[in-house]
Amino acid sequence: MADLRTRYLGLELQSPLVASSSPLTGSLDGLRRLEAAGAGVVVLPSLFEEELAADPGPVGADPQAGPPDQAGYGAGPAAYLSLLEQAKASLSIPVIASLNGTSRGGWVRHAARLEQAGADALELNIYYVSSRPGLSGGEVEGNYLDVVREVRRAIGIPLAVKLSPYFSSLANLAGQLVEAGANGLVLFNRFYQPDLDIEAMEVLPALELSSSAELRLPLRWIAILHRRWGISLAASTGVHTAEDVIKVLLAGADVAMMTSALLHNGPDHLRSVDLGLRDWMDRHRYETVDQLRGQLSQRSVPDPAAFERANYIKTLASRTAPRR
């Protein structure tokens with residue numbers, strides 16, 4: 001049977017299947033179910049900069065922060081650290097903590113507290129939408145780099161940065177993030193776009209789960225960034241099936257992160273994805289994940305330009321006009 005062991009952020013994993021940040025990873029029961037179903041690593045829900053700014057006191061001082069084995073979004077830092085500690089005591093797989101913020105400031109000190117609580121690594125989710133016309137792209141990137149540097153100084157555990165795809169030169173930024181201290185990149189964060197209620201005349205939050213069609217964007221950039229700077233790469237957004245996992249591994253990812261698929265199908269969905277991945281590897285005579293990783297990256301395919309502009313014309317030409 002195929003060997004699914006892999007490495008991510010220097011961590012030894014039994015599987016490249018990752019249960020990424022979601023309500024499912026916000027309780028000890030959910031984490032146990034995900035581990036039992038085959039997750040190689042779990043990422044806790046994000047602890048937000050806004051939560052930490054509203055709670056400047058010592059962690060653990062708020063008795064209303066939430067039950068000790070649950071830390072969903074907005075539960076607060078005390079509940080978060082409690083869940084992290086219990087997860088580390090109960091699970092045999094690595095546990096990655098997550099911080100979500102956009103600015104330099106006191107909230108960064110909580111990165112060190114997450115390390116002290118036992119986190120095996122930290123995922124830094126920089127969710128920032130700039131609407132200021134006077135703020136240049138270079139300044140936006142500089143803010144990302146400043147935050148990464150400050151978090152890197154605060155911790156000694158591996159650091160992954162979760163990015164959006166909305167940068168004019170993503171490959172260049174990736175290299176700068178590595179210089180700033182990132183050990184890995186998670187591609188990509190989904191920016192949830194607001195909707196409008198035309199009767200109530202209000203701006204509404206809108207959440208839609210991803211689909212496999214969204215995999216193509218992270219697939220392209222993982223293929224481009226594979227084997228550059230020696231960093232770990234995680235595919236996020238659009239990973240739903242065993243076929244999706246195979247694609248991102250062939251492109252060069254170390255792991256495949258799943259959120260929407262698990263929210264829609266439940267933790268046991270990991271079992272069917274695991275079986276599908278093993279079956280494909282057996283049929284194609286791949287014994288290990290390392291053997292197939294990057295086989296279809298930009299550096300490995302006969303036509304590297306297929307991941308750039310050359311693919312544009314071919315894509316348009318593949319769609320014939322409808323007959324009248």
Treating Ile, Leu, Val, Met, Phe, Trp and Tyr as nodes and any side-chain heavy-atom pair under 4.5 angstrom as an edge, say whether [X] and [Y] lie in one connected cluster.
X      : Y     : answer
Tyr80  : Leu31 : yes
Leu34  : Ile96 : no
Ile246 : Val18 : no
Leu275 : Leu13 : no
Leu233 : Leu9  : no

Would you check if the side chain of [X] reaches a backbone N or O of [Y] as a donor-acceptor pair within less than 3.5 Å?
X      : Y      : answer
Asp282 : Ala2   : yes
Gln14  : Leu4   : no
Asp244 : His240 : yes
Arg113 : Arg109 : no
Ser169 : Ala171 : no
His284 : Trp280 : yes
Asp274 : Leu270 : no
Asp120 : Val95  : yes
Ser46  : Phe48  : no
Thr25  : Val43  : yes

Would you call [X] and [Y] a side-chain contact if the rule is heavy atoms closer than 4.5 Å?
X      : Y      : value
Leu124 : Val147 : yes
Thr237 : Leu215 : no
Pro165 : Leu217 : yes
Glu150 : Arg153 : yes
Val245 : Leu17  : yes

Hey, could you give me the [atom1]/[atom2] distance between [X] and [Y], rounded to the nearest 0.5 Å?
X      : Y      : atom1 : atom2 : answer
Lys162 : Asn189 : NZ    : CG    : 5.5 Å
Glu35  : Ile93  : CD    : CD1   : 4.5 Å
Leu114 : Ile155 : CG    : CD1   : 8.5 Å
Leu263 : Ser22  : CG    : OG    : 4.5 Å
Leu81  : Glu85  : CG    : CD    : 6.0 Å
Leu170 : Leu177 : CG    : CG    : 8.5 Å

Using a distance-only test with no angle check, is there a side-chain donor-acceptor pair under 3.5 angstrom linking [X] and [Y]?
X      : Y      : result
Asn172 : Gln176 : yes
Thr259 : Ser20  : yes
Glu139 : Ser136 : yes
Thr6   : Arg293 : yes

Assess whether a salt bridge exists between [X] and [Y], defined as any Lys/Arg side-chain N lying under 4.0 Å from an Asp/Glu carboxylate O.
X      : Y      : value
Arg7   : Asp254 : no
Arg5   : Glu12  : no
Arg271 : Asp268 : yes

Could you walk me through whether Leu187 and Leu225 pass side chain to side chain contact (heavy atoms under 4.5 Å, CB included), step by step? CA-CA 11 Å; Leu187 309 175; Leu225 296 176; 3.9 Å; yes
Does atom [atom1] ([X]) have a neighbourhood of more than 12 heavy atoms from anything else shown, all under 6.0 Å?
X      : atom1 : result
Arg33  : CZ    : no
Arg285 : CZ    : no
Ile198 : CD1   : no

Applying side chain to side chain contact (heavy atoms under 4.5 Å, CB included) to Met258 and Val273, what does each step give before you reach the verdict? CA-CA 11 Å; Met258 307 177 75; Val273 175; 4.0 Å; yes
Would you please test Val186 and Ser236 for side chain to side chain contact (heavy atoms under 4.5 Å, CB included) and show each step? CA-CA 6 Å; Val186 180; Ser236 179; 3.7 Å; yes
Taking all atoms of both residues into account, what is the closest heavy-atom pair of Arg32 and Ser90, and its distance?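 Reported closest heavy-atom pair: NH2-OG, 3.4 Å.
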Under 3.5 Å, sequence neighbours excluded: what are the donor-acceptor pairs made by side chains of residues 295-302?
{"unit_1": "Gln295", "atom_1": "NE2", "unit_2": "Gln291", "atom_2": "O", "d": "3.2"}
{"unit_1": "Ser297", "atom_1": "OG", "unit_2": "Gly294", "atom_2": "O", "d": "3.1"}
{"unit_1": "Ser297", "atom_1": "OG", "unit_2": "Ser300", "atom_2": "OG", "d": "3.2"}
{"unit_1": "Gln298", "atom_1": "NE2", "unit_2": "Pro304", "atom_2": "O", "d": "3.3"}
{"unit_1": "Gln298", "atom_1": "NE2", "unit_2": "Glu308", "atom_2": "OE2", "d": "2.8"}
{"unit_1": "Ser300", "atom_1": "OG", "unit_2": "Gly294", "atom_2": "O", "d": "2.8"}

Would you call the rings of Phe167 and Tyr144 parallel, tilted or perpendicular, taking 30° and 60° as the class edges?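 If you compare the ring of Phe167 with that of Tyr144, the planes turn out perpendicular.
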Taking it one step at a time, do Leu52 and Leu99 satisfy side chain to side chain contact (heavy atoms under 4.5 Å, CB included)? CA-CA 10 Å; Leu52 298 170; Leu99 272 180; 4.0 Å; yes
